[in-house]
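Input: a single structure, listed below in structure tokens.
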2 protein chains.
Amino acid sequence: MIRRVSDDRPYHHGNLRTALLAAAERGLRERGADELALRDLAREIGVSHAAPRRHFPTRQALLDALAEDGFARLDSVLLTALEGTGGTAAHVRAVMTAYVRFATENAALADLMYTSKHRPGAERLLEAAAAPFGRMRELVLRGQSEGVLRGGDPDRLGMVLIATLQGLASMVNSAIAEPEQLGDLLETAFAQFVL
Amino acid sequence: MIRRVSDDRPYHHGNLRTALLAAAERGLRERGADELALRDLAREIGVSHAAPRRHFPTRQALLDALAEDGFARLDSVLLTALEGTGGTAAHVRAVMTAYVRFATENAALADLMYTSKHRPGAERLLEAAAAPFGRMRELVLRGQSEGVLRGGDPDRLGMVLIATLQGLASMVNSAIAEPEQLGDLLETAFAQFVL
DNA sequence: ACTACATTGTAGTCGCTGTCTACTTTGTAG
DNA sequence: CTACAAAGTAGACAGCGACTACAATGTAGT
């Protein structure tokens with residue numbers, strides 16, 4: 001059992017991919033995507049500068065993985081919101097609040113999730129996004145069948161709903177709208193969707 | 001009248017700031033913000049690598065200027081849409097279409113305009129954004145007074161409207177929604193705002 | 001238990017970038 | 001005409017992403 005440099009860390013990290021994602025997520029939250037450097041993460045974790053390459057062949061691959069994970073986290077946040085008490089209308093309100101809360105508390109992550117980079121091979125991201133979008137679609141279907149939501153193609157309505165929420169989060173994140181307005185803005189949006 | 005290196009370009013460019021912005025805008029459209037390098041732009045224009053610094057002290061300053069210009073261009077696009085024929089409802093529809101068209105044809109620019117980078121000194125950007133937002137607010141006021149738009153605080157309603165449009169553009173730009181759906185999505189959104 | 005091989009780490013290098021500093025050329029106001 | 005401000009150049013530096021060659025470790029097959 002030979003140990004490396006300072007005789008404390010094993011040659012193989014064992015969980016480098018996970019460690020990288022965790023460190024990257026923290027860096028993303030605290031300093032933004034532009035400040036994320038693979039070499040910084042490697043130093044922070046204590047591996048060589050080239051080690052991350054085994055798990056993320058390129059910096060963009062790491063950012064994509066972050067975005068993918070972001071959609072999974074968003075999905076679980078929405079799921080939690082749907083577990084609350086109250087009727088469908090209350091659920092809609094809860095989900096709306098939860099979405100915007102998530103997207104404003106993780107502003108840089110939200111940017112990554114909806115970035116418009118030239119990305120030909122982003123199937124993984126789209127699959128990850130399908131989870132929260134599907135969940136929202138189900139809620140819309142339920143709302144329509146109960147008559148609390150406007151009719152029409154549930155896919156379209158769900159998409160417009162998420163778009164509105166993500167747009168509102170963007171306004172706050174870019175400092176165009178003030179965070180204090182968020183409650184009122186959400187209420188205005190809510191009134192448009194719920195009959 | 002001494003000339004420089006290849007005896008063709010004068011020592012002073014004369015319009016370097018404008019030239020940089022133009023080249024950057026093209027690069028932004030064709031290759032995305034990540035690929036924008038100050039040194040590339042300098043080479044393309046034919047000045048030294050340090051010359052851009054006189055006009056944009058940092059790369060981020062150039063990106064901010066691009067975003068600022070983006071809001072000005074957006075405002076003029078909206079203005080054009082408002083000059084069309086038809087009543088207020090038609091104007092609302094035209095503005096909605098124009099917004100989403102602008103934000104999808106200039107996807108990377110839209111990202112810059114609504115980015116959530118830690119930006120303490122972004123007053124310039126906010127001032128630039130005030131133009132299109134103010135224009136939208138006027139339209140909302142007109143729509144409300146004519147009874148074609150839902151009531152409530154016009155600032156809030158205008159903000160929700162732009163948020164919805166920007167959100168829809170984000171969905172398309174990130175390939176979550178397909179461009180072909182845009183028409184239907186816009187119609188769904190339109191039906192929510194116009195009584 | 002041994003051994004071949006895939007996996008996952010290390011070290012070093014390369015070109016490129018953004019930023020900074022010192023210097024030079026040009027425009028311009030007094 | 002002359003001093004100074006404005007706007008360019010050249011060179012240096014550290015840091016980064018990406019690539020390569022090599023080393024250590026886990027593991028599957030005999």
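Atom set for the values below is all heavy atoms of this structure, side chains included, hydrogens, waters and symmetry mates excluded. Here is how names work: the chains are called A, B, and so on, in the same order as the sequence lines, proteins then strands, and each is numbered from 1.
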Base C:dG12 to side chain A:His49, donor-acceptor N/O within 3.5 Å cut-off: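 Yes, a donor-acceptor pair under 3.5 Å.
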
Over how many whole Å does the gap from [X] atom [atom1] to [N] atom [atom2] extend?
X: A:Leu41; N: D:dA18; atom1: CG; atom2: P; result: 13 Å
X: A:Arg17; N: C:dT8; atom1: CZ; atom2: P; result: 11 Å
X: A:Leu20; N: C:dT8; atom1: CG; atom2: P; result: 13 Å

Contact list for residues 136-169 of chain A, test ring-ring contact (aromatic ring centres under 6.0 Å, His included), sequence neighbours left out: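 Residue pairs with at least one partner in residues 136-169 of chain A: there are none.
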
Residues within residues 52-62 of chain A bordering DNA chain D, heavy-atom distance below 4.0 Å: A:Arg53, A:Arg54, A:Thr58, A:Arg59

I'd like a table of donor-acceptor pairs (distance under 3.5 Å, sequence neighbours excluded) in which one partner is a side-chain atom from residues 66-76 of chain A, with atom names and distances.
unit_1: A:Glu68; atom_1: OE2; unit_2: A:Arg124; atom_2: NH2; d: 2.6
unit_1: A:Arg73; atom_1: NH1; unit_2: A:Glu25; atom_2: OE1; d: 3.3
unit_1: A:Arg73; atom_1: NH2; unit_2: A:Asn106; atom_2: OD1; d: 3.1
unit_1: A:Asp75; atom_1: OD1; unit_2: A:Arg135; atom_2: NE; d: 2.6
unit_1: A:Asp75; atom_1: OD2; unit_2: A:Arg135; atom_2: NH2; d: 3.1
unit_1: A:Ser76; atom_1: OG; unit_2: A:Arg73; atom_2: O; d: 3.2

Contacts of type salt bridge (Lys or Arg N to Asp or Glu O under 4.0 Å), residue A:Glu44, not counting sequence neighbours: A:Arg26

Non-neighbouring partners of A:Arg59 that pass salt bridge (Lys or Arg N to Asp or Glu O under 4.0 Å), sequence neighbours left out: none

Toward the 5' end of DNA chain C, by each residue's nearest nucleotide, A:Arg39 or A:Gly46: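 Its nucleotide being nearer the 5' end, the pick is A:Gly46.
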
Cut-off 3.5 Å, no hydrogens considered: what does the side-chain donor-acceptor table look like for residues 27-42 of chain B, sequence neighbours left out?
unit_1: B:Asp34; atom_1: OD2; unit_2: A:Lys117; atom_2: NZ; d: 3.4
unit_1: B:Asp40; atom_1: OD1; unit_2: B:Arg43; atom_2: NH2; d: 3.0

A:Arg150 side-chain N/O to A:Gln192 backbone N/O, donor-acceptor pair under 3.5 Å: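 Side chain of A:Arg150 to backbone of A:Gln192: a pair is present.
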
Qualifying salt bridge (charged side-chain N to carboxylate O under 4.0 Å, His left out) pairs, either residue in residues 159-185 of chain B, two or more places apart: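 Sorted pair list: A:Arg156-B:Asp184.
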
Residues touching DNA chain C, which here means a heavy atom under 4.0 Å, drawn from residues 29-38 of chain B: B:Leu36, B:Ala37, B:Leu38

Nucleotide nearest A:Asp40 when distance is taken to its side chain, options D:dT20, D:dT9, D:dC16: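 My answer, after comparing the listed nucleotides, is D:dC16.
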
Among C:dG9, D:dG8, D:dC16, the one nearest B:Leu16 by side-chain distance: D:dG8

With sequence neighbours excluded, residues passing side-chain hydrogen bond (donor to acceptor under 3.5 Å, both in side chains) with B:Thr88: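 Counting only residues at least two positions away or on another chain, B:Thr88 forms a side-chain hydrogen bond (donor to acceptor under 3.5 Å, both in side chains) with B:Arg142, B:Glu146.
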
